[in-house]
Amino acid sequence: MILVTGMSGYIGSHTAVALLKAGKDIVGFDNFYNSSFEAVKAVESLSGRSFPFYEADLRDIDSMERIFKEHNIDAVVHFAGLKAVGESVAKPLFYYENNICGTVNLLKLMEKYGVMRFVFSSSATVYGEPKSVPINEDFPLSTTNPYGSTKLYIEGILKDMCKANKEFSVALLRYFNPIGAHESGLIGENPNGIPNNLMPRICQTAKGIMKSLTVFGDDYPTPDGTGVRDYIHVCDLADGHIAALDKIEKDTGVHIYNLGTGKGYSVYDLIHTFARVNGVEVPYTVCPRRPGDVPEMYSDPSKAKAELGWEARLGLEDMCRSSWSFIKDK
Ligand code: NAD
Ligand code: UDP
């Protein structure tokens, strides 16, 4: 049985569908801070399977212990966490307590119940401001905000646990920029409040909720002057977790992988592809650079291909189309 934390969230729900479709048994939990029970029902309907689900909180060890008592868990896929960079700068303790203390609680329970396999949602943010692209897993690590620091600290905690216990196996998955949604349109990304990331903001602009998209800088040293990122379809990302679980079943220790496509697309690439494939308008205004943004980030995904046999299949058009079909009628 695989425990999926943060299961009703954006990436958790897509991964739950992929796991269930691959025939794995799962138990999920979430505290619904940034998601709702609707996603749990959608996962059941998309996979055609039911599974146990709990409302539980990483910060409340008793609420999680019930799950460990009631199920024979042999691996954990850990998505639960807070992820808004700006909020983490304003409320660092909230982030450190939720993400780091919460993960330590989860790891304590794993130790108590003898669960030895762990897949962690890390992020390309741990590369800080990379000196060059593409970025491979051996690049130096640093962070520029508390959210990123929580990812880097947790990576360190997991490395220490593997040193202390030779039976423990961990996959640190460093996601690049997940966008897109399941083709059914039943699950996707629907952030609360004003979103920070580019794709949700493009969607809000296309819907008319935002009058005009703010392009943060067109004077970067990139082909069209706008920022370049490695956007990856969330369904490809979900499949990466299945490959990582297979890997850590076979090999103990720490295994680190970039999950990206290896291709960089600019802000203008996203705006224009989105407008073209969906037949909508995305008005935009060029503004000054957003503080802290780096000009260009994209992955070298070759290690995941070589060691996991995983690579991204879906392209930018699929990402733009599916993001819009999920959100357009919400
Ligand atoms: P999300 O907010 O949609 O999902 C996270 C889920 O965790 C939410 O459903 C939230 O309610 C839940 N949660 C938060 N704190 C909790 C707690 N204390 N107890 C129980 N549940 C809690 O985010 P997502 O995009 O699906 O991200 C999943 C993971 O991947 C996160 O750890 C995030 O940091 C990481 N990640 C995301 C991105 C991205 O761009 N989406 C990029 C890199 C890494
Ligand atoms: N971006 C933008 N306008 C927005 C949001 C983002 O121009 O309203 C740019 C941002 O400067 C970056 C890219 O889009 O170059 C991706 O930003 P996002 O916040 O989605 O991801 P991250 O910066 O965390 O990689």
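Model, not experiment: these values are computed from the prediction. All ligand and atom numbering here is 1-based and tracks the order in the structure.
- Across every non-hydrogen atom of P146 and S88, the tightest pair is CG-O, 3.1 Å.
- Of all protein heavy atoms, the one closest to atom 24 (O) of ligand 2 is N197 ND2, 4.2 Å.
- A salt bridge links K24 with D246: the closest approach of a Lys/Arg side-chain nitrogen to an acidic carboxylate oxygen falls below 4.0 angstrom.
- Of the protein's heavy atoms, N177 ND2, 3.2 Å lies nearest to atom 21 (O) of ligand 2.
- Of all protein heavy atoms, the one lying nearest to atom 7 (O) of ligand 2 is F216 N, 2.9 Å.
- Shortest contact from atom 20 (O) of ligand 2 to any protein heavy atom: L198 N, 2.8 Å.
- For atom 17 (O) of ligand 2, the closest non-hydrogen atom of the protein is R290 NH2, 3.4 Å.
- A salt bridge is defined here as a Lys NZ or Arg NE, NH1 or NH2 lying under 4.0 Å from an Asp or Glu carboxylate O, and E155 with R174 meets this definition.
- Look at E296 and R229 and you find no salt bridge, because none of the NZ, NE, NH1 or NH2 atoms lies under 4.0 Å from a carboxylate O.
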Measure and list all N/O to N/O distances between ligand 1 and the protein that fall under 3.5 angstrom.
unit_1: ligand 1; atom_1: 2 (O); unit_2: N34; atom_2: ND2; d: 2.7
unit_1: ligand 1; atom_1: 3 (O); unit_2: Y10; atom_2: N; d: 2.8
unit_1: ligand 1; atom_1: 7 (O); unit_2: G81; atom_2: N; d: 3.4
unit_1: ligand 1; atom_1: 9 (O); unit_2: G9; atom_2: N; d: 3.4
unit_1: ligand 1; atom_1: 9 (O); unit_2: D30; atom_2: OD1; d: 3.2
unit_1: ligand 1; atom_1: 9 (O); unit_2: D30; atom_2: OD2; d: 2.7
unit_1: ligand 1; atom_1: 9 (O); unit_2: S35; atom_2: OG; d: 2.7
unit_1: ligand 1; atom_1: 11 (O); unit_2: D30; atom_2: OD1; d: 2.6
unit_1: ligand 1; atom_1: 11 (O); unit_2: N31; atom_2: OD1; d: 3.4
unit_1: ligand 1; atom_1: 11 (O); unit_2: Y33; atom_2: N; d: 3.0
unit_1: ligand 1; atom_1: 11 (O); unit_2: N34; atom_2: N; d: 2.9
unit_1: ligand 1; atom_1: 13 (N); unit_2: N31; atom_2: OD1; d: 3.4
unit_1: ligand 1; atom_1: 15 (N); unit_2: N98; atom_2: ND2; d: 3.1
unit_1: ligand 1; atom_1: 18 (N); unit_2: D57; atom_2: OD1; d: 3.0
unit_1: ligand 1; atom_1: 18 (N); unit_2: N98; atom_2: OD1; d: 2.8
unit_1: ligand 1; atom_1: 19 (N); unit_2: L58; atom_2: N; d: 3.0
unit_1: ligand 1; atom_1: 21 (N); unit_2: N31; atom_2: N; d: 3.2
unit_1: ligand 1; atom_1: 21 (N); unit_2: N31; atom_2: OD1; d: 3.2
unit_1: ligand 1; atom_1: 23 (O); unit_2: K83; atom_2: NZ; d: 3.4
unit_1: ligand 1; atom_1: 25 (O); unit_2: K83; atom_2: NZ; d: 2.8
unit_1: ligand 1; atom_1: 26 (O); unit_2: Y10; atom_2: N; d: 3.3
unit_1: ligand 1; atom_1: 26 (O); unit_2: I11; atom_2: N; d: 2.8
unit_1: ligand 1; atom_1: 32 (O); unit_2: F79; atom_2: O; d: 2.9
unit_1: ligand 1; atom_1: 32 (O); unit_2: K151; atom_2: NZ; d: 2.9
unit_1: ligand 1; atom_1: 34 (O); unit_2: Y147; atom_2: OH; d: 2.7
unit_1: ligand 1; atom_1: 34 (O); unit_2: K151; atom_2: NZ; d: 3.0

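- The distance from ligand 2 to the heavy atoms of T214 drops below 4.0 Å at these ligand atoms: 2 (C), 3 (N), 4 (C), 7 (O), 8 (O).
- Remark: side-chain polar atoms of K211 are not paired, donor with acceptor, to backbone N or O of G208 under 3.5 angstrom.
- Checked against a 6.0 Å centroid threshold, the rings of H71 and F51 do not count as neighbours.
- Looking at P295, P195, G227, S266 and measuring to atom 15 (O) of ligand 2, the nearest heavy atom belongs to G227.
- More than 12 non-hydrogen atoms from other residues, nucleotides or ligands lie less than 6.0 angstrom from CD of E70.
- The nearest protein atom to atom 10 (C) of ligand 2, hydrogens excluded, is given as D293 OD2, 3.3 Å; this is a heavy-atom distance.
- Here is the list of ligand 2 atoms found below 4.0 Å of a heavy atom in V215: 7 (O).
- A donor-acceptor contact shorter than 3.5 Å is absent between the side chain of R117 and the backbone of S169.
- If you number the atoms of ligand 2 from 1 as listed, the ones under 4.0 Å from a heavy atom of N196 come out as 5 (C), 19 (O).
- By the criterion of a heavy-atom distance under 4.0 Å, neither the backbone nor the side chain of T125 is placed next to ligand 2.
- F326 carries K330 over the face of its six-membered ring, with the cationic atom under 6.0 Å from the centre and within 45° of the normal.
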Run E183 and R321 through salt bridge (charged side-chain N to carboxylate O under 4.0 Å, His left out) and show every step you take. CA-CA 9 Å; E183 59 186 2; R321 223 180 270 121; over 6 Å; no

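- For atom 25 (O) of ligand 2, the closest non-hydrogen atom of the protein is R229 NE, 2.8 Å.
- Looking at S121 and Y175, their side chains do bring a donor and an acceptor atom within 3.5 Å of each other.
- With hydrogens left out, the protein atom closest to atom 16 (C) of ligand 2 is Y231 OH, 3.4 Å, a heavy atom.
- Stacking of R289 on the aromatic ring of Y220 is recorded, both the 6.0 Å distance cut-off and the 45° axial limit being met.
- Ionic pairing of K303 and E137 is not present here: no N-O contact between side-chain nitrogen and carboxylate oxygen is shorter than 4.0 angstrom.
- Neither the backbone nor the side chain of Y147 comes within contact range of ligand 2; no heavy atom lies under 4.0 Å.
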